[in-house]
Protein chains: 2
Amino acid sequence: MTEAPHPQLPDAVLRPVRGHHAFEACVEQLATAIRLGVYPLGSTLPAERELADRLHVSRATLREAMAALRQAGLVETRRGRGGGTVVTLKPRTPSARKAARVSAAVRADWLDVLEYRRITEPGGAYLAALRQRDGDLEEEQRDQLHAALDEVAGADRPAEHRQADSRLHLTIAALTGSPRLVAAVTDVQRVLHEMLLAIPVLDTNIAHSDRQHAAVVRAVLAGKPDRARKAMEEHCDDTAALLRGLVG
Amino acid sequence: MTEAPHPQLPDAVLRPVRGHHAFEACVEQLATAIRLGVYPLGSTLPAERELADRLHVSRATLREAMAALRQAGLVETRRGRGGGTVVTLKPRTPSARKAARVSAAVRADWLDVLEYRRITEPGGAYLAALRQRDGDLEEEQRDQLHAALDEVAGADRPAEHRQADSRLHLTIAALTGSPRLVAAVTDVQRVLHEMLLAIPVLDTNIAHSDRQHAAVVRAVLAGKPDRARKAMEEHCDDTAALLRGLVG
DNA sequence: GAGATTTGGTCTGAACTCAGACCTATACTG
DNA sequence: CAGTATAGGTCTGAGTTCAGACCAAATCTC
């Protein structure tokens, strides 16, 4: 029998088919959406039946996930018409805690995310600018982008700034209309958020970051793909340099 | 109760948590690895216990998947020491069939992949060249890249050329050492393979494609990230232009 | 206030998945 | 040739997930 003549490929290509337990995956997705500010404090989640439908799980499974979120204090639930599940989690301040000891596997994952981000987010900015240039963006989408940028610039407290930052990056990705790209950026932002909570970042230099955000948005709205990509690359590089030093 | 004030984000961020049935996901992954030539005709798959371990499923579930692959004629199995599961699927010739009617959802997915590819594969080439420039690539990895390129250039029959092409792209992605990037490129190549089997591609212009491959590999081995990315972008753009026209 | 509607809460039986022990076939080793 | 190692083949009981029906509470409409 012949062995596979490409020894490096199977190791790279075969991956775990899923993180066991559908309800854990639901908790993960919903908690991520809440932490990243897709559903901010006080907002209502979609009805159970709709969420179950969207996540492709049974309502029973989704309810298990909801119970976990409730127990973890992220949401509260009221029944009856007009009821529903409301976000109660206050955004946490980045770096408010001591540096947790992280395993080698987690550290490797963090470093992977920083490289992956260097590719995906600038790529997203590029595609978004391309769509703008070609007239494929709706007025409403441009407004959303403006609004997201204003929220970042207007957030005074670090915790709100962090969520607004995530939302801006996700909004840019959403402008591309590419489900795969949105998924990639969501994954990146999730891990980034995890890092920022676990690492004591001394000085985030929010003003610098906001100038870069503005530059990216300007380039996107001007329909300049290459400039948008370049601007986002610089933004990612600056963040990465800061974090890489602290992760080791 | 407040509604989520970012109407575009939940729709984009919440996704199905998985394609139900672990065994279907196993079939999908293994069939993809076989079709893309990660396990070429005549090669032996890893033992069941090892595969189950790697895919994070129980052996019972993996065996269901194996049974499906066997029934579909992709593999054959012999028991006993020195036995195992051997690939019997002959690579299929692209575009050997009439154009199948594809649903709107599939067509949208295909177009998404072409955009996503435009981001991920050039990004992978960029990162690989960066690692080469910084001396992070082993001698063995450079050899693998050379070998993969030679196989593409040396493949005479279209079916073998298609597999060698996939392997080259996966090899470049694997050079980056980024699990996320390898996963992204695997996904891209899987859908690309699906497209090429379903669409009657009239003239692939293999010589042109091989020149572009060579340019990418040269740039990677020279440690020139920007040139590698540019070369891969051109390669992706040419493929995409061809396919987009045929998909509509 | 009566009734309709929307929302979360509960239950059931079938199907899927799991971990792990155990059986069987084949080939290598001494 | 006997023993051992390595492979696939089989079984079991417990946990998870499913689809869908039905119940209960809160609100809206008339």
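Letters go in sequence order (proteins before strands), and every chain restarts at 1.
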Listed partners of A/H193 passing side chain to side chain donor-acceptor pair (under 3.5 Å), at least two apart: none

Contacts of A/E76 meeting side chain to side chain donor-acceptor pair (under 3.5 Å) (sequence neighbours excluded), chain-then-number -> none

Measure the distance from CD on B/E76 to C1' on D/dA7 and round it to the nearest whole Å. 17 Å

Can you tell me which nucleotide in D/dA7, D/dC18, C/dG8 comes closest to the side chain of A/E48? C/dG8

Which pairs would a plain distance check flag for residues 62-71 of chain A, meaning a side-chain donor or acceptor within less than 3.5 Å of a matching protein atom at least two apart in sequence or in another chain?
unit_1: A/R63; atom_1: NH1; unit_2: A/E48; atom_2: OE1; d: 3.3
unit_1: A/R63; atom_1: NH1; unit_2: A/E48; atom_2: OE2; d: 2.8
unit_1: A/R70; atom_1: NE; unit_2: A/T77; atom_2: OG1; d: 3.0

What residues, two or more places apart in sequence or in another chain, satisfy side chain to side chain donor-acceptor pair (under 3.5 Å) together with B/T61? B/S58

Just the rounded figure in Å: distance from P of C/dA15 to CD of B/E24. 16 Å

Atom CG of B/L55 and atom C1' of C/dA19 are separated, to the nearest Å, by 17 Å

Of all residues at least two apart in sequence or in a different chain, which pass the ring pair (Phe, Tyr, Trp, His ring centres under 6.0 Å) check with A/H213? A/H169, A/H235

I'd like a list of close polar pairs between nucleotides 26-30 of chain C and the protein, N/O only, cut-off under 3.5 Å.
unit_1: C/dT26; atom_1: O2; unit_2: B/R81; atom_2: N; d: 2.9
unit_1: C/dA27; atom_1: O4'; unit_2: B/R81; atom_2: O; d: 3.3

Residues in salt bridge (Lys or Arg N to Asp or Glu O under 4.0 Å) contact with B/R142, at least two apart in sequence or another chain: B/E139

Write out a two-atom table: protein N or O, nucleotide N or O from nucleotides 10-16 of chain D, distance below 3.5 Å.
unit_1: D/dT16; atom_1: O3'; unit_2: A/H21; atom_2: ND1; d: 3.3

Of the residues in residues 26-33 of chain B, which ones touch DNA chain D at a heavy-atom distance under 4.0 Å? none

Considering heavy-atom distances to DNA chain D, does A/L62 or B/P46 have its closest nucleotide positioned more toward the 5' end? B/P46

Rounded distance (Å) that lies between atom P of D/dC23 and atom CZ of A/R49: 14 Å

Going by the rule side-chain contact (heavy atoms from CB on, under 4.5 Å), which residues pair with B/V113 if we only count those two or more places apart in sequence or in a different chain? A/R180, B/V188, B/V191

Rounded to the nearest 0.5 angstrom, the OH-CG distance for B/Y39 and A/L14 is 4.5 Å

Distance-only polar pair, side chains of A/Q29 and A/E24, donor-acceptor under 3.5 Å: no

When you measure from the side chain of B/T85, which nucleotide among C/dT7, D/dG8, D/dT17 comes out closest? D/dG8

Can you name the residues that form a side-chain contact (heavy atoms from CB on, under 4.5 Å) with B/R79, not counting sequence neighbours? none

Of all residues at least two apart in sequence or in a different chain, which pass the side-chain contact (heavy atoms from CB on, under 4.5 Å) check with B/Q141? B/L137, B/E138, B/Q144, B/L175

Can you measure A/R70 atom CZ to C/dT7 atom C1' for me and round it to whole angstrom units? 13 Å

